[in-house]
*Asks:* 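Quick one: structure below, then a few questions.
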Amino acid sequence: MSTNPADIAIFKRRESEARSYCRGFDAVFTSAKGSEMINRDGTRYIDFLAGCSSLNYGHNDPDMKEALIDHLQSDGLAHGLDLHTDAKAAFLDAFDQHILKPRKMDHKVMFTGPTGANAVEAALKLARKVTGRTSVIAFTNGFHGVTLGALSATGNSYHRGGAGTTLNGVTRMPYDGYFPGDTDTADFLEAMLKDRSSGIDAPAAILLETVQGEGGLNAARPEWIQRVAALAKEHGALLIIDDIQAGCGRTGGFFSFEDMDITPDIVTLAKSVSGFGLPMALLLVRPEHDVFGPAEHNGTFRGNTHAFVTARVAVTKFWADDRFQKEVAAKARLLTAALEEMAEFLPGAKLKGRGMMQGLDVGSGDLAVAICASAFKDGLIIETSGNEDQVVKVLAPLTTDDATFLKGLRILRNAMRIATDSSKFAAE
């Protein structure tokens with residue numbers, strides 16, 4: 001199913017060695033719609049990667065596309081710095097009406113540069129300014145980006161090794177479930193914060209993902225997150241929830257922390273917040289912490305007008321009522337059942353994650369990579385995650401129809417059979 005080698009020669013000859021995802025998918029893609037991507041030779045692939053959760057609503061949603069085309073054809077602003085524009089006003093109004101107010105969130109919206117890492121950088125800077133402190137607590141297996149500030153909070157040694165300098169200002173604590181057995185790592189965090197001789201400086205912020213996407217789909221228990229939130233408040237630290245990959249419906253609600261009875265001081269959003277795969281990132285900040293001066297955190301592309309157009313449609317189309325959320329919940333149950341069945345045929349395999357952010361820890365990075373490679377040969381795009389790439393991660397668009405979703409899961413099941421060469425794991 002791969003393209004002619006000549007088609008990809010330019011990438012190998014001229015594109016940097018830093019290229020990543022393309023190494024596992026030997027194809028030149030030319031179009032996409034819904035949950036499918038089409039190769040130059042016409043081969044269709046089911047997409048279980050979705051731009052690493054940047055395309056939660058699928059490729060080329062027709063309503064978002066129509067709104068964007070209308071905006072372009074009417075000579076709507078393409079670039080506006082942080083000027084007042086009709087597109088920004090429409091997005092803010094929709095976001096306020098359908099996302100913030102129903103969840104009783106009074107947060108201000110700050111537009112950062114277009115990447116999730118930039119949102120994390122802004123969050124860390126803001127927390128340090130608010131508190132006058134410098135230290136931040138982050139967690140094992142956390143991934144927050146690879147710019148220097150965000151990388152300081154990222155645990156992965158491979159990415160940290162690319163910094164070329166020291167990474168300071170962050171204290172690492174064990175995430176929920178990091179220790180074997182019944183050890184509650186919130187007890188450890190509490191002890192370290194309360195002991196004046198622990199060597200832990202009073203933190204400006206505690207930064208966490210409720211589900212660690214790149215870290216291996218580790219999903220923290222709600223009660224653990226509640227304890228961490230309470231400890232942050234008790235010790236004068238801001239609670240920052242990184243919802244860049246786990247938000248925008250990926251784990252169920254619009255935010256991954258809904259129904260946990262917590263109110264983060266800062267929330268970082270990016271990836272699917274534009275709805276259409278367009279670069280867009282933002283911070284949600286409690287009003288009392290909105291202390292940056294004008295342009296104190298700056299960026300030429302902090303107001304992507306085209307993204308405002310599609311993001312407004314995404315919010316009004318999918319979040320004006322609870323129908324979409326219920327559909328996602330039903331699809332998540334289907335995914336759980338399918339993965340549980342697959343796990344029965346893989347000794348030691350473990351189900352990871354929650355919502356539509358689930359996968360299987362197959363115990364070996366080599367095996368997980370082999371499974372993904374086999375799936376791609378059969379028409380499924382899927383990737384790995386985890387500290388050793390040992391987790392096969394399903395990030396299908398939330399809008400995937402059931403027939404396509406089930407077909408993709410059958411391909412994945414067959415890929416596991418092929419990769420493990422297990423006679424028990426018969427293809428359907």
*Asks:* With a 6.0 Å cut-off on the ring centroids, do F308 and F95 count as close?
*Replies:* no

*Asks:* Would you say that L360 contacts K352 through its side chain, given a criterion of any heavy-atom pair below 4.5 Å between the two side chains?
*Replies:*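 L360 vs K352: side chains apart.
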
*Asks:* Could you go through the side-chain contact (heavy atoms from CB on, under 4.5 Å) check for V285 and F292 one step at a time?
*Replies:* CA-CA 11 Å; V285 183; F292 274 148; over 6 Å; no

*Asks:* Look up atom CH2 in W319 and atom SG in C248, then write down how far apart they are to the nearest 0.5 Å.
*Replies:* 8.0 Å

*Asks:* Please report the shortest heavy-atom distance between G116 and I244, naming the atom on each side.
*Replies:* O-CD1, 3.4 Å

*Asks:* Ignoring hydrogens and geometry, is there a side-chain-to-backbone donor-acceptor pair from S274 to A307 under 3.5 Å?
*Replies:* no

*Asks:* Go through K88 and D82 one step at a time and tell me if the salt bridge (charged side-chain N to carboxylate O under 4.0 Å, His left out) criterion holds.
*Replies:* CA-CA 9 Å; K88 185 198 287 188; D82 69 351; 5.7 Å; no

*Asks:* Could you check F255 against L269 for side-chain contact (heavy atoms from CB on, under 4.5 Å), going step by step and ending with a plain yes or no?
*Replies:* CA-CA 9 Å; F255 298 108; L269 288 173; 3.9 Å; yes

*Asks:* How long is the span from the CG atom in N298 to the CZ atom in R302, to the nearest 0.5 Å?
*Replies:* 4.0 Å

*Asks:* Can you find a heavy atom in the side chain of K101 that is under 4.5 Å from one in the side chain of D96?
*Replies:* yes

*Asks:* Within this structure, what is the OG-CD distance for the pair S385 and Q390, rounded to the nearest 0.5 Å?
*Replies:*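 One gets 7.5 Å once the value is rounded to the nearest 0.5 Å.
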
*Asks:* Can a side-chain donor-acceptor contact be found between S256 and T251 if the only test is distance below 3.5 angstrom?
*Replies:*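 T251 vs S256: no donor-acceptor pair found between side chains.
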
*Asks:* Between F318 and R323, is there a cation-pi geometry (under 6.0 Å to ring centre, at most 45° from the normal)?
*Replies:* no

*Asks:* Can you find a heavy atom in the side chain of T268 that is under 4.5 Å from one in the side chain of I241?
*Replies:* no

*Asks:* So does D265 pair up with R286, basic N to acidic O under 4.0 Å?
*Replies:* no

*Asks:* Are Q245 and Q212 linked by a side-chain donor-acceptor pair shorter than 3.5 Å?
*Replies:*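 Not at all, the side chains of Q245 and Q212 share no donor-acceptor pair under 3.5 Å.
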
*Asks:* Determine, stepwise, if the pair L81 / T300 fulfils side-chain contact (heavy atoms from CB on, under 4.5 Å).
*Replies:* CA-CA 6 Å; L81 294 171; T300 303; 4.2 Å; yes

*Asks:* Answer yes or no: is there a donor N or O on one side and an acceptor on the other, between the side chain of R172 and the main chain of T140, under 3.5 Å?
*Replies:* no

*Asks:* Would you say the side chain of T165 lies within less than 4.5 Å of the side chain of L148, judging by non-hydrogen atoms?
*Replies:*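 Sidechains of T165 and L148: in contact.
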
*Asks:* For the aromatic rings, using the six-membered ring if either is Trp, is the centroid distance between F143 and H159 under 6.0 Å?
*Replies:*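 So the answer is yes for these two rings.
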
*Asks:* Other residues, nucleotides and ligands only: do more than 12 of their heavy atoms fall within 6.0 Å of NZ on K125?
*Replies:* yes

*Asks:* Taking side chain as C-beta onward, heavy atoms only, is I371 less than 4.5 Å from V362?
*Replies:*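 In contact.
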
*Asks:* Between E36 (side chain) and K33 (backbone), is there a donor-acceptor pair under 3.5 Å?
*Replies:* no

*Asks:* Check the surroundings of atom CG in D187: do more than 12 heavy atoms from other residues, nucleotides or ligands lie under 6.0 Å from it?
*Replies:* yes

*Asks:* Give a yes or no on whether K317 atom NZ has more than 12 heavy-atom contacts from other residues, nucleotides or ligands under 6.0 Å away.
*Replies:* yes

*Asks:* Considering non-hydrogen atoms only, spot the tightest contact between R103 and H98 and give its length.
*Replies:*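 Looking at all heavy atoms of both residues, the closest pair is NH1-O, 3.1 Å.
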
*Asks:* Could you verify whether a donor N or O on one side chain and an acceptor N or O on the other, from D290 and H107, lie under 3.5 Å apart?
*Replies:* no

*Asks:* How about OH on Y178, more than 12 heavy atoms from neighbouring residues, nucleotides or ligands closer than 6.0 Å, or not?
*Replies:* no

*Asks:* Between N118 and T115, is any side-chain donor less than 3.5 angstrom from a side-chain acceptor?
*Replies:* no

*Asks:* Check whether any side-chain heavy atom of R250 sits under 4.5 Å from a side-chain heavy atom of V211, and report yes or no.
*Replies:* no

*Asks:* Treating R227 as the side-chain partner and E223 as the backbone partner, does any N or O pair qualify as donor plus acceptor under 3.5 Å?
*Replies:*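 No; zero donor-acceptor contacts below 3.5 Å.
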
*Asks:* Given side-chain contact (heavy atoms from CB on, under 4.5 Å), test L49 with Y21 step by step and report yes or no.
*Replies:* CA-CA 10 Å; L49 179 58; Y21 290 105; 4.0 Å; yes

*Asks:* Looking only at heavy atoms, which two atoms of C372 and V392 are closest? And how far apart?
*Replies:* SG-CG1, 4.2 Å

*Asks:* Hey, are the side chains of M37 and R44 touching, using non-hydrogen atoms and a 4.5 Å cut-off?
*Replies:*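 In short, these two side chains do not touch, never coming nearer than 4.5 Å.
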
*Asks:* Just verifying a value: how many Å separate M357 CE and T210 OG1, rounded to the nearest 0.5 Å?
*Replies:*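 The distance works out to 7.5 Å.
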
*Asks:* Which distance, rounded to the nearest 0.5 Å, do you find between the CG of L283 and the CD of E121?
*Replies:*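 One gets 11.0 Å once the value is rounded to the nearest 0.5 Å.
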
*Asks:* Flag the pair D184 and R221 as a salt bridge only when some basic side-chain nitrogen lies within less than 4.0 angstrom of an acidic carboxylate oxygen.
*Replies:*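 Yes, this pair counts.
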
*Asks:* Between T30 and N39, what is the shortest heavy-atom contact and its length?
*Replies:*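 Nearest pair, atom of T30 first, then N39: OG1-O, 3.7 Å.
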
*Asks:* Does E17 pair with R23 as a salt bridge, N-O distance under 4.0 Å?
*Replies:*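 A salt bridge is present here (some side-chain N lies under 4.0 Å from a carboxylate O).
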
*Asks:* Quick check: do F111 and L92 have side-chain heavy atoms less than 4.5 Å from each other?
*Replies:*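 Yes, side chains in contact.
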
*Asks:* Starting from the C-alpha separation in whole Å, work towards a yes-or-no answer on salt bridge (charged side-chain N to carboxylate O under 4.0 Å, His left out) for D93 and R312.
*Replies:* CA-CA 9 Å; D93 183 67; R312 175 193 61 79; over 6 Å; no

*Asks:* Would you find a donor on one side and an acceptor on the other, under 3.5 Å apart, between the side chain of S198 and the backbone of M192?
*Replies:* yes

*Asks:* Could K65 and F276 be counted as a cation-pi pair, given that NZ or CZ must be under 6.0 Å from the ring centre and within 45° of the axis?
*Replies:* no

*Asks:* Within the side chain of T399, is there an N or O that forms a donor-acceptor pair under 3.5 Å with the backbone of Y57?
*Replies:* yes

*Asks:* For the side chain of E341 and the backbone of A337, is there at least one donor-acceptor N/O pair under 3.5 Å apart?
*Replies:* no

*Asks:* Judged by atom type as modelled, is there a donor-acceptor pair below 3.5 Å linking the side chain of T404 to the main-chain atoms of T400?
*Replies:* no

*Asks:* Specify the closest pair of heavy atoms between P222 and M260, including all atoms of both residues, with the distance to one decimal.
*Replies:*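 For P222 and M260, the tightest heavy-atom pair comes out as CB-CG, 4.1 Å.
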
*Asks:* Could you check whether E296 pairs with K129 (Lys NZ or Arg NE/NH1/NH2 to Asp/Glu carboxylate O, under 4.0 Å)?
*Replies:*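 Looking at K129 together with E296, the answer is yes, because their closest N to O distance falls below 4.0 Å.
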
*Asks:* Give the intermediate values and the outcome of salt bridge (charged side-chain N to carboxylate O under 4.0 Å, His left out) for residues E190 and K194.
*Replies:* CA-CA 6 Å; E190 181 176 21; K194 288 187 174 180; 2.9 Å; yes

*Asks:* Would you check if the side chain of T166 reaches a backbone N or O of N168 as a donor-acceptor pair within less than 3.5 Å?
*Replies:*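 Side chain of T166 to backbone of N168: no pair is present.
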
*Asks:* Quick one: list whatever passes side chain to side chain contact (heavy atoms under 4.5 Å, CB included) with F301, sequence neighbours left out.
*Replies:*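 Only H79, P114 meet the side chain to side chain contact (heavy atoms under 4.5 Å, CB included) criterion with F301.
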
*Asks:* May I ask you to check whether Y45 and F25 place their ring centers less than 6.0 Å from one another?
*Replies:* no

*Asks:* Any chance you could lay out the ring pair (Phe, Tyr, Trp, His ring centres under 6.0 Å) test for F139 and W224, step after step, and finish with the verdict?
*Replies:* CA-CA 13 Å; F139 292 90; W224 184 87; 5.3 Å; yes

*Asks:* Nearest 0.5 angstrom please: M173 CE to I137 CD1, how far?
*Replies:*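 Here the rounded value is 5.0 Å.
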
*Asks:* Looking at T336 and A332, would you say the former's side chain and the latter's main chain have a donor-acceptor pair under 3.5 Å?
*Replies:* yes

*Asks:* Of the non-hydrogen atoms in R133 and G236, which two are nearest, and what is the gap between them?
*Replies:* NH1-O, 3.4 Å

*Asks:* Verify the neighbour count for atom CG of D261: are there more than 12 heavy atoms of other residues, nucleotides or ligands below 6.0 Å?
*Replies:* no

